[in-house]
Structure formats: C-alpha cells, structure tokens
Amino acid sequence: MKTLGPRWTLVLPLLVFAAMFLSPQERWLYSSLVSTGVWMAMQWLLPKSRFRVDQYLCPVNIGLFLMLLRLVVVPVLIMTTGAESRVLHQLPPWQSIESALLIDTVSAAALAVGLTLVPNRQLQEPGGAWRTILTKTPGPGFALLFGGLGLIGFMATFRSPAALLAFFTEPLAGETNQQELDGTLLGLLSTLLRPFLAFALVAWWARSVDGSQSGKRAWRPLLIGLGAGLGITLANMTFSFNRAAFVFPLVSMAAVYSARVRRIPVWTMVTALAIAMPLLMAIGSYRSSLMLGGSDAEIKMSSMLRETSETVQAYVVGPQYTGTFYDVVGWGRELLFGKSLIASALSPVPILGKGFRDSSGPLLFNRAIYGVDDIQDQILPFDAELFANFHGLGVVAGFVALGALLRLGERWSDSARSTFAAFCLQYVFLWVAMLSCWSLSVVSQILIYFFCPIYVFVAAIQIRRWLRNSAALQQDRVLADAPLTEAGSR
C-alpha cells in the first residue's frame, strides 16, 4: 500500500493565514488554526491515516478527503466568502461556529486513530459462503434476472416510455407522479426494484473484466464500462435527479477498474472531475429551475464563486449549520442517550419507521435551522448527532469505530477475487465513508432501498450453497446406509 507523504500539508497553514489576511477580522476563525494543525499532525504522526496513491478512489481516501474539506477548506471558504446561506436566515453566534469546528476536529482525529487500529497482516483465506461471495462472478442468468427486476420497477414507476421521457423533460410532472406513488405498495416496489437495473449493468461489466486475461483486451472492459456507466447514469437519475444515486456507482466502477484492470492516471481523473462538476451542479439547478418556473436558471458570473462556496459548505455541513444545531440542543446539557440515533437508523424503514421520524436526528436538525417540521432537506452530520446523544465521548468512540470499519472494508475489497464482489464492497463502504459528514439516516436509507441487489446476490449464493451441502449430505447418508441394507438383505 503506497501512501502520500506528509510534506504537502506544509502548504495548509499558509492557506489559512492567507485567508485571514484577505478577509475582515470579524470573519476570522481562530479554531481553523487548531483544525489545520490537527490535520497536519495526523498526516505526520499516523502513517495509516495518509491518502493512498495506488488506489486513490478507495473509501478511506474519500473519508479523509471529506475531513480535509471540513477542517481546512470550509473554514477558508467561510473566512474569504462568508458563512451566510440561503438556508440559514440568521447565523449563530461566531463562538458557536468556532466550537462546532473544534468538534469536527475531534471527530477527524478519532477517525485517524481508528484507521490505525486494524493491523496490516494479510487476511486469512475466507471459508464457506463468504469465500464464494468474494470469488463468484454473476453469470448471465443473474444479469438477466437483475435486468428484468429493474425493468419491472421502471414499469411500476412510469407505466410507459412516454412517461419516462417526460420525467427528464418535465421534472415537475415526474415529481408529481412520484408523490402519487409515495406511501403505496406499488411505490415501494418500484423504489426497491429500480436499482436492480444498474446492478445488472455492473454484473455485465464485471464479467468482461474477469474474462480479460492479464490485462489483454483491456479495451473491452473499458468500452463496456463506459456503456454501463451511461446506462447507470440514466437509470439512477430517475431517483428525483439525486446526483449521489448515479455518482456513487460510477466512482465505485472507476475505483475497481483502476485497481483491477489498468490504473487511471491521477490527472485523467482530475480532468474528468473538472468536466463533471459543472455538469453535476447543472443537473441540480436544471431540476430546481424547471420546478420553480425558471427563476433560478440564470446565475451571474459575479456570484459564481459565492455559489460554489455555499454549495461546498452545505454539502459537507459547515460549522455554521452544526453551530445552530448545538445552540438549540444546548451543547449537550440534556443528552439524548441514543434516542435520536435509533430513530435516525429506523426512520427510513417503510411503515415501521413512521413512528420514529418525529424524534430522528435529521428532523431535529432541520427544526433547528428552519424552526418548522415541514422542511427536511438538510443533512445532520454523524458527529453532531453523536455529540447530541453522548457528548464528546460519543464522537470519539463513534469515529474510532468508523475508521476501523473503513480500514476493514478496504482490506476486504483488496482480497476480493471477483470484480462484482469488489464493486459491491467499494460501493457499500463508499456510503459508509460518507458518515464523515453525512447523517446516519442517509446511510440507513441507502442500505434499505439501494442495496437490495446485493442482498439478493448474497442470499442466492447462500441458498445455493445450502442446497448443495444438503444434497451432498443426503448422498453421503445413502452411501453410508447402502452396506447395511445389503447386509440386511443377506
């Protein structure tokens, strides 16, 4: 495992001081000096918390990158462009923002410690069903089955190709159609089945990768991967144009391709991201502008920097958001002791989760921001919810466990012999890595609604293995009883 040396971190304090020099003193975040210093100490003192350069799209790197944004980049953006937001009608006291950034710093340090707890020794050869899962490549039957289930989900959602086309050209009509399905059995079925189509395309691509011989015909998995990626993008955009729904599978495919077929050069990936980021932002504004009658379609060039800064601060949940939340919950004076964590994990569950939504972390967070319960579009960070439930000890324990889990997932992914298994592990732990800045309820929702193809694949392997073992055991019993039967007949 090759990692990036820590010397690059020497530029970070210069960046923070430059931001202070260029910004008015009332916007200085003194705690950013602490957060930047802690990040530098992590990189210098804990080698296992450094970025991997051999597999730079692995979930550990994603988690570390999100922490870098929270500890260094977002504070710099706040000082240079401001902490104001269209969501926050009033900023919390500046001291609350400073303290919230320090809690983010504690969570990042705990994550780094968790990454160091998993030893580097090689994993033992797995046995039983786990070995089959790590080595099994889905056959054509699986791909056809998954594709068929996915098409059933699309038929349940859109009823006709014209309705599907209307969803992309008239998002308001598509959103209305989706709202009509919400809360119904047909709506649940359509949501659960549509991800199968994306996994069918992944299974098709994975077979092409496993079928290539030692790098020969590397063009084939590349071309099939590009076609599968386009299909996944179009299929998963139907989830209300949610960018994460198609970006995460694409990132997982790119990571597996780079690790198993041919390493994608860093500059190629940087160029691709530079091209993709404006398109991803345009997708969100496209849906919003059409649903709002075009009022937000035009963005002035003079405000582009501020818009980008606000977007980054919102997506990684800057300290001005969590500071507002901490003020409302009293900075841990009345702890929830796991109540909101349980509610957040169970709130996405159909039917059962309805009774938990009023006490979930996201509802408490959005209530703190908006003052009402009707709007719930902001994501509560995992560390903020841990703090509200168990104070600082909860943040430390939770993020140490998260770091250890990410490191274990990395080792499991490295040991996978099947491309499909490697993709599934990459995809699962990529979402787990998002707990660095996103809510437990988001990951729980993905586990319920997007991982059904993985559950079906694992269950099918386990059932097949159980049937084969039962048949073999029955055959052994017949062979063992045969001499006794023969002796009895004599």
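Ring geometry for Phe423 against Phe199 counts as perpendicular: the plane angle is over 60°, on a 0 to 90° scale with 30° as the lower cut.
Centroid-to-centroid, the aromatic rings of Phe51 and Tyr56 stay 6.0 Å apart or farther.
Other residues, nucleotides and ligands contribute over 12 non-hydrogen atoms within 6.0 Å of the CE atom of Met269.
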Donor-acceptor contacts, no H, no angles, side chain residues 444-453, under 3.5 Å, sequence neighbours left out:
unit_1	atom_1	unit_2	atom_2	d
Ser444	OG	Ala345	O	2.5
Tyr449	OH	Pro348	O	2.8

Distance-only donor-acceptor pairs under 3.5 Å for side chains of residues 426-434, two or more places apart:
unit_1	atom_1	unit_2	atom_2	d
Gln426	NE2	Leu57	O	2.9

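Here Arg260 does not pair with Asp414 in a salt bridge; the nearest charged N to carboxylate O distance is not below 4.0 Å.
In this structure, the side chain to side chain contact (heavy atoms under 4.5 Å, CB included) partners of Ala163, at least two apart in sequence or on a different chain, are Phe158, Ser160. In this structure Thr233 satisfies the side chain to side chain contact (heavy atoms under 4.5 Å, CB included) test together with Met237, Phe246, Leu250, sequence neighbours excluded. Residues meeting the side chain to side chain contact (heavy atoms under 4.5 Å, CB included) test with Arg367, sequence neighbours left out: Leu363, Leu364, Asp373. Listed by chain and residue number, nothing satisfies the side chain to side chain donor-acceptor pair (under 3.5 Å) test with Ser49 (two or more places apart in sequence, or in another chain). Looking at residues two or more places apart in sequence or on another chain, you find a side chain to side chain contact (heavy atoms under 4.5 Å, CB included) between Val328 and Ala368. By the side chain to side chain donor-acceptor pair (under 3.5 Å) test, Asn236 is found to be paired with no residue, residues two or more places apart in sequence or in another chain being considered. Qualifying side chain to side chain donor-acceptor pair (under 3.5 Å) partners for Asn389, counting only residues two or more places apart in sequence or in other chains: Ser340. Residues passing the side chain to side chain donor-acceptor pair (under 3.5 Å) test with Arg407, sequence neighbours excluded: Glu410.
Thr324 contributes atom OG1, which lies 5.0 Å from atom CG of Leu88 (distance to the nearest 0.5 angstrom). Separation of atoms OG (Ser258) and CZ (Arg263) is listed at 6.0 Å; rounding is to 0.5 Å.
For residues 346-360, there are no side chain to side chain donor-acceptor pair (under 3.5 Å) pairs, not counting sequence neighbours. Pairs engaging residues 342-387 under the ring-ring contact (aromatic ring centres under 6.0 Å, His included) rule: Phe325-Phe365, Tyr326-Phe387, Phe382-Phe399, Phe387-His391 [sequence neighbours left out].
Remark: Arg194 is positioned above the aromatic ring of Phe239, its terminal NZ or CZ atom under 6.0 angstrom from the ring centre and at most 45 degrees off the axis.
Counting only distance, with no hydrogens or angles, the side chain of Gln320 and the backbone of Ala83 share a donor-acceptor pair below 3.5 Å. Put simply, the side chain of Trp205 never gets that close to the backbone of Thr419: no donor and acceptor are under 3.5 Å apart.
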